[in-house]
Protein chains: 2
Amino acid sequence: MPPANRLLSALPSKDRRRFLSGCESVKLAFGDVLTEPGDPIRHVYFPTQSFISLVMPVSGHSGLEVGLVGDEGMLGISLSLGVDRSPFHAVVQGEGMALRLDAARFCHELALSSALQGVLKRYIAVVLGQLAQTAACSRFHVVEARLARWLLMSGDRAHSPTFHVTHDFLAYMLGVRRVGVTKAASSLRARGLIGYRRGDITIVDRAALESVCCGCYAADNTVYAKVMG
Amino acid sequence: MPPANRLLSALPSKDRRRFLSGCESVKLAFGDVLTEPGDPIRHVYFPTQSFISLVMPVSGHSGLEVGLVGDEGMLGISLSLGVDRSPFHAVVQGEGMALRLDAARFCHELALSSALQGVLKRYIAVVLGQLAQTAACSRFHVVEARLARWLLMSGDRAHSPTFHVTHDFLAYMLGVRRVGVTKAASSLRARGLIGYRRGDITIVDRAALESVCCGCYAADNTVYAKVMG
DNA sequence: CGACGTCTGGACGCTGGCGCACAGAAGGGG
DNA sequence: CCCCTTCTGTGCGCCAGCGTCCAGACGTCG
């Protein structure tokens with residue numbers, strides 16, 4: 001069985017088969033930009049092995065990552081709300097496969113499957129909570145804790161303790177200086193929680209990393225499990 | 001004609017009449033707590049003259065306001081997503097009237113009106129964008145700019161340049177110290193942009209306040225107009 | 001194998017906001 | 001009318017993160 005997307009796995013098999021038959025499997029490459037804020041949504045994506053960052057740009061600043069979409073979610077939910085523009089800058093963070101569907105076809109399929117409608121609505125409710133959580137987190141928590149959270153979230157979505165990301169890129173996601181990331185990361189490494197080398201990061205001691213990270217990580221997971229499971 | 005809620009005004013008159021007949025008009029008092037995170041949603045509210053803060057609590061911190069709901073929105077959207085729990089702490093910020101509907105009845109009405117479904121879906125899309133905007137704003141912008149934004153948003157929803165709020169409360173909303181608010185507010189007052197006295201704040205020079213405030217205020221309004229208008 | 005680009009690691013002073021503590025001013029209730 | 005609560009204003013030392021610059025380490029590609 002090939003790796004799947006959890007939203008689609010939740011569908012009854014008839015709806016799922018029907019939906020999958022309309023999808024194409026594409027490989028997303030690191031750094032690919034899938035949507036720009038304000039631009040029309042051409043495709044929706046259901047990551048299977050890949051994952052995607054949602055970044056909110058701010059004038060005069062680098063932008064801030066407000067969401068991470070992996071096999072537990074989808075990119076382009078706005079479409080299911082009847083809005084054809086993306087509010088976010090979406091950039092591929094973890095290379096890998098995703099299922100893709102063009103906008104018109106997605107809307108068509110959505111209209112045909114009330115099961116899909118239900119799953120996506122609940123997913124949107126989760127996203128609402130996660131956005132709020134992220135807002136509070138990036139306001140209050142120190143870089144080290146937020147870095148830990150990011151690594152855990154990415155590790156989950158990469159289905160692997162190792163993935164590719166530079167300090168520079170992390171700084172962009174977290175909305176801090178690159179130097180700040182280097183400092184936090186080297187501290188985590190010194191304590192044996194993670195390892196890294198020229199853009200490849202490895203989670204070494206997951207449990208310890210969880211204890212360093214803020215409660216937002218656990219909160220997110222709890223909400224997801226409660227609403228979706 | 002009594003003051004209305006803009007979401008409901010957007011409905012075709014038949015649907016609107018039907019929906020309104022199921023609503024009760026209630027007065028919301030300053031400080032009333034309407035939902036707690038994780039608690040079941042008993043009622044949904046469509047403010048007409050009142051407005052409501054959505055606050056995301058964070059362990060070890062005071063919490064952060066992530067949204068403001070006035071006559072342009074509603075409280076309890078999660079219900080329309082099939083989720084009966086509120087992710088937020090919702091507290092009445094501006095005293096006044098609102099239309100209230102109990103949860104079961106709301107779901108029933110929603111099922112009957114596809115126009116209402118459409119409006120609320122678009123509203124949710126707006127909220128998604130606003131949450132992201134707020135996340136970035138509270139990460140990057142200085143207290144003074146954020147305060148200005150908050151005052152403008154509240155002024156809009158209060159339909160009046162004057163409304164009641166103490167520095168203490170503002171600090172809670174913005175996730176900063178009360179002293180930080182006092183400093184920013186007194187600076188704005190010294191420049192003649194606002195006035196205040198023991199909890200009553202007045203916007204004196206709206207245009208100047210807009211120029212002090214970050215672009216997030218304008219961005220929010222633009223998105224709302226584009227998606228809802 | 002050498003040169004260049006990329007990635008990581010320090011160092012500098014600076015500042016916005018923090019935590020705390022205290023003092024004056026305005027109102028409201030007994 | 002006085003006391004007590006609430007609200008606003010100020011002054012401390014402190015620190016996380018900022019902006020900037022430079023240096024070393026690693027890889028890759030010509």
Side-chain angles (χ1 to χ4, degrees), chain A residues 30-31 58 60-65 93 135-151 162-191 193-202 212-214, chain B residues 30-31 58 60-65 93 135-151 162-191 193-202 212-214:
Chain A
F30 180 78
V58 187
H61 291 87
S62 47
L64 177 71
E65 188 196 63
Q93 192 50 235
C137 181
S138 59
R139 172 75 191 82
F140 292 118
H141 297 144
V142 295
V143 172
E144 186 174 285
R146 292 174 58 212
L147 173 60
R149 180 184 173 210
W150 197 96
L151 294 175
T162 297
F163 43 90
H164 182 83
V165 64
T166 65
H167 292 187
D168 227 330
F169 212 88
L170 280 168
Y172 174 59
M173 299 290 108
L174 299 176
V176 298
R177 288 179 314 159
R178 198 225 72 221
V179 174
V181 171
T182 298
K183 219 172 121 193
S186 61
S187 162
L188 292 178
R189 180 165 64 178
R191 284 180 274 157
L193 310 196
I194 64 172
Y196 60 87
R197 192 171 145 283
R198 287 188 77 72
D200 294 310
I201 293 205
T202 305
V212 161
C213 123
C214 52
Chain B
F30 180 78
V58 188
H61 292 86
S62 47
L64 178 70
E65 187 196 63
Q93 192 51 235
C137 182
S138 59
R139 174 75 192 80
F140 291 119
H141 297 144
V142 295
V143 173
E144 184 174 286
R146 291 174 57 211
L147 173 61
R149 179 184 174 210
W150 198 95
L151 294 175
T162 298
F163 43 90
H164 183 83
V165 64
T166 66
H167 293 186
D168 228 329
F169 212 88
L170 280 168
Y172 173 60
M173 298 291 106
L174 299 176
V176 299
R177 288 177 316 157
R178 198 225 71 218
V179 174
V181 172
T182 298
K183 221 172 119 192
S186 60
S187 162
L188 292 178
R189 179 164 66 177
R191 285 181 274 157
L193 310 196
I194 64 173
Y196 60 87
R197 192 171 144 281
R198 285 190 77 73
D200 294 309
I201 293 206
T202 306
V212 160
C213 121
C214 53

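Every chain is numbered from 1 and lettered A, B, ... according to where its sequence line falls, protein lines coming before strand lines.
Listed by chain and residue number, B:Glu144 satisfy the salt bridge (Lys or Arg N to Asp or Glu O under 4.0 Å) test with B:Arg191 (two or more places apart in sequence, or in another chain).
One finds no side-chain N or O of B:Tyr196 lying less than 4.0 angstrom from the OP1 or OP2 phosphate oxygen of C:dA26. Within the structure, every side-chain polar atom (N or O) of A:Arg178 is placed at least 4.0 Å from both OP1 and OP2 of D:dC21.
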Show me the protein contacts with nucleotides 15-19 of chain C, counting only N or O atoms at under 3.5 Å.
residue, atom, partner, partner atom, Å
C:dG17, OP1, B:Val143, N, 2.9
C:dC18, OP2, B:Arg177, N, 3.1
C:dG19, N7, B:Arg177, NH1, 2.6
C:dG19, O6, B:Arg177, NH1, 3.0

Sub-3.5 Å pairs of nitrogen or oxygen atoms, protein against nucleotides 28-30 of chain C:
none

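Using a 4.5 Å cut-off on side-chain heavy atoms (C-beta onward), A:Gln93 and A:Phe163 make no contact. A 4.5 Å side-chain heavy-atom check between B:Leu64 and A:Phe140 finds at least one atom pair inside the cut-off. Put simply, the side chain of A:Val165 does not reach to within 4.5 Å of the side chain of A:Met173, judged on heavy atoms. Taking the side chain as every heavy atom from C-beta outward, B:His61 and A:Arg139 never approach each other to under 4.5 Å.
One can place CG of A:Leu147 at 16 Å from P of D:dA16, the figure rounded to the nearest angstrom. Straight-line distance from the CG atom of A:Asp168 to the P atom of D:dC26: 19 Å, rounded to whole Å. Rounded to an integer number of Å, the gap from NE2 of A:His167 to P of C:dG10 is 11 Å. Summarising the geometry, the separation between OH on B:Tyr172 and P on D:dC7 is reported as 16 Å, rounded to the nearest angstrom. Going from atom CZ of B:Phe169 over to atom C1' of D:dT8 covers 17 Å, rounded to whole Å.
Judged by distance alone, with hydrogens and angles left aside, the side-chain atoms of B:His167 form no donor-acceptor pair with the main-chain N or O of B:Arg178 at under 3.5 Å. Between the side chain of A:Ser187 and the backbone N or O of A:Lys183, no donor-acceptor pair lies under 3.5 Å. Judged by distance alone, with hydrogens and angles left aside, the side-chain atoms of A:Arg149 form no donor-acceptor pair with the main-chain N or O of A:Cys214 at under 3.5 Å.
Between B:Phe169 and B:Phe30, the ring center distance clears the sub-6.0 Å criterion.
Side-chain atoms of B:Arg198 stay outside donor-acceptor range of the base of D:dT8, with no qualifying N/O pair under 3.5 Å.
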